[in-house]
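Remarks on the structure that follows.
Throughout, numbering of the chain's residues begins at 1 and tracks the sequence.
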Amino acid sequence: MILRTMRPLATYSVLVLGLCMLSSLPAYAQHKTACELLTKADAEAVLGVALPPPRAGAPFRSLLDNADFITGTPDQSCNFTNYESNRAPKPAKIVAFNFEVRYAATPDAHAVEEVHKQVDTRTYDHPTDLPGLGDAAFWTGAPNYVTLFVFLGGTTRLMIGPSDIGLEAEKALAVKALARLGKSGFAYGPQPAGLIKPVLSKLAAKPSALDQLKGALTLKADAGDVKAQRALAELYQSGTLAPDGNAQHDYAGAAYWYYQASVHGDARAAYALAILYRNGLGVPADAPQAFQLLQKAADANYVPAMPLLSDAYASQKTPVSGQRATYWATIAAEAGDPRGWLILGFEYNTGKLGGDQVTWYPRAMASYRKAADGGNCVAMMAIGDLYASGQGVPADPAQAQSWHTRAQSCQGGNIAMLQAQVAQYKAKAVAARDPALYPMFSAIPTMPNAGAVAVGNANRSGLGMDSKIVAGLVAGAVIAAAIIALTPSSGDANSNGADGPFDAINRTFQMDEARRQCVPGGGAPLGIIC
């Protein structure tokens, strides 16, 4: 079992916390040492104990530096403690913590990302954002061993800890130091490239139902309605259906509105935007941006993002990336996501989770079974492979053929789910009983009947579903969900924890990609397990 609270990979004698300043702040602040920014009086006032004068010291192995074994200068670190092990008597309350500062010559909007990366690649900790402190802040570690990072103005970074004085005490100490640096309003964070707000076409004398829907949603989205922003993004992503039934996607418009929703905390939108950046759809391909968005969605407990984040970590080569890959697969599996079980099955199958080799394949089979029970087609194929090779189970050609056949036919379940979603969303929108919405229902394309789906299955090329059937079903589900977003107090038809039409379609084509791109014993692109 993977622990939800990950422990530090190594004990850092000194960690660095960054706080950045705008160039408009008083110039003297850039020259203040760590012991000038946080004084003995400050620490005594916050902690309620008498302390000897703090000692300046050079940081060592700092998380704020880009390489290991960096030794800083004495002005960058200040050590506070009321106990030396070789001295007596021992105080009733022992206090010990480090305070560090770093200054940069020019503002850097990516400073928080850089420190996040150091934490992500060199520890097992998960940063937790802390709004309202400096221009940006986060903390890491267990509750009884916290490290606090604060950033101000793009040029200053502070760190307090790791220590056992507690997060609230570290925050109070940071406030003392911030008071000596001045105020700022610097904007940290990624600045996504290629985002352009889509322009609504000039409405004709009699606008189409889809144009009416987009216009109504845009009014709400411009006013900050997050549900409307995501609904708009999904409308642009699903596109319009051409006369021949194929979808004409507007990924650029989708990216713009996904971004607006994601910055307002919508985890589902962050996940969807990550996919667009990963694949270069509507925006320039940007793997780091996609990775950060997947982290944001997974940290917000959006389960579909967790397996993809696990895949991303698996492709990295850092001391902790393998453990992080397993961690997110386990969290996804525990949440009931079949892809999480699929990844764990793959890791057992290849011995990545350790143990005697004799246990690998039975454990892999157990995990693949759970994934298959959840409808994962790739897991069904993997089970067939284990029966074919006799690994973990007696070789059984009949069972192997049965599972391979089941894998090839299981995509119809995803199509059925899309059909059910269209019906569910449409029924919910009708239940709102808002006459103003009724004209928009004509934008929902006619759903194919079971016979049409069967014909589509029969006409498949390899394992690929009929693209026109899929496009029509996705468009229907998205439009119905968008209508719901216009109804007051309707709840969220596509909540952060729920599956949506694009999750279903991603699963629909996942097996095709796996079969085309996976080589026995080889690797695979992000999101595919071989």
Side-chain angles (χ1 to χ4, degrees), residues 1-9 120 123-129 140-143 265-268 270-272 274-275 291 293-316 320-355 359-380 382-383 386 392 410 413-414 417 492 494-500 502-504 506-507 510 514 526-529:
M1 179 60 64
I2 306 301
L3 296 178
R4 289 179 178 271
T5 301
M6 291 186 167
R7 308 298 299 177
L9 174 64
D120 198 54
T123 80
Y124 290 138
D125 288 333
H126 290 296
T128 301
D129 290 335
T140 68
D266 190 290
R268 181 180 182 82
Y271 165 76
I275 303 302
F291 181 70
L293 287 163
L294 284 176
Q295 285 182 311
K296 180 178 180 179
D299 284 338
N301 294 319
Y302 184 60
V303 175
M306 295 175 183
L308 284 185
L309 184 58
S310 175
D311 289 345
Y313 275 119
S315 68
Q316 297 176 3
V320 299
S321 56
Q323 290 88 340
R324 287 192 182 278
T326 302
Y327 170 81
W328 283 113
T330 302
I331 299 304
E334 290 176 348
D337 190 294
R339 280 273 290 125
W341 287 115
L342 175 67
I343 294 171
L344 291 178
F346 170 76
E347 292 190 340
Y348 279 124
N349 197 26
T350 54
K352 289 187 176 182
L353 298 185
T359 68
W360 293 358
Y361 300 120
R363 290 177 177 177
M365 176 65 84
S367 295
Y368 285 147
R369 285 275 191 172
K370 290 180 180 179
D373 288 344
N376 188 280
C377 309
V378 182
M380 297 174 192
I383 293 171
L386 289 179
C410 82
N414 289 326
M417 191 193 77
D492 195 345
N494 273 340
S495 68
N496 279 351
D499 243 356
F502 292 110
D503 292 311
N506 285 339
R507 284 197 303 273
Q510 182 188 80
L526 180 66
I528 301 300
I529 294 298

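Listed by chain and number, the residues in a side-chain contact (heavy atoms from CB on, under 4.5 Å) with Ala364 are Tyr348, Asn349, Tyr368 (sequence neighbours excluded). Partners of Phe291 by ring pair (Phe, Tyr, Trp, His ring centres under 6.0 Å), not counting sequence neighbours, listed by chain and number: Tyr313. Thr350 is linked by a side-chain contact (heavy atoms from CB on, under 4.5 Å) to Phe346, Lys352, counting only residues two or more places apart in sequence or in another chain. Remark: Asp373 engages no residue in a side-chain contact (heavy atoms from CB on, under 4.5 Å) (not counting sequence neighbours). Under the side-chain contact (heavy atoms from CB on, under 4.5 Å) criterion, Ala333 pairs with Trp341, Leu344, not counting sequence neighbours.
Interatomic distance, CD of Gln295 versus CE of Met306, reported as 12.5 Å (0.5 Å rounding). In this structure, CG in Leu294 is found 10.5 Å from CG in Asp299, a value given to the nearest 0.5 Å. Interatomic distance, SG of Cys377 versus CG of Leu342, reported as 10.5 Å (0.5 Å rounding). Put simply, CG on Leu293 and NZ on Lys296 are 7.0 Å apart, with the number rounded to the nearest 0.5 Å.
Nearest heavy-atom pair across Ala270 and Ala297 is CB-CB, 4.3 Å. Closest approach of Ala372 and Ile383 over heavy atoms only: CB-CD1, 3.9 Å. Annotation for Ala379 and Asn376: closest pair N-OD1, 2.9 Å, computed over non-hydrogen atoms. Across every non-hydrogen atom of Ser310 and Ala329, the tightest pair is OG-CB, 3.7 Å. Across every non-hydrogen atom of Arg268 and Tyr302, the tightest pair is NH1-OH, 2.5 Å. The nearest pair of heavy atoms linking Leu353 to Glu347 is CD2-OE1, 3.4 Å.
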**OP:** Determine, stepwise, if the pair Ile343 / Asp311 fulfils side-chain contact (heavy atoms from CB on, under 4.5 Å).
**Re:** CA-CA 8 Å; Ile343 294 171; Asp311 289 345; 3.5 Å; yes

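In this structure a side-chain-to-backbone donor-acceptor pair under 3.5 Å is missing from Thr140 to Asp125. Without hydrogens or angle criteria, Arg339 side chain to Ala332 main chain gives no donor-acceptor distance under 3.5 Å.
Side chains of Tyr271 and Leu308 form a contact here, defined as non-hydrogen atoms less than 4.5 Å apart.
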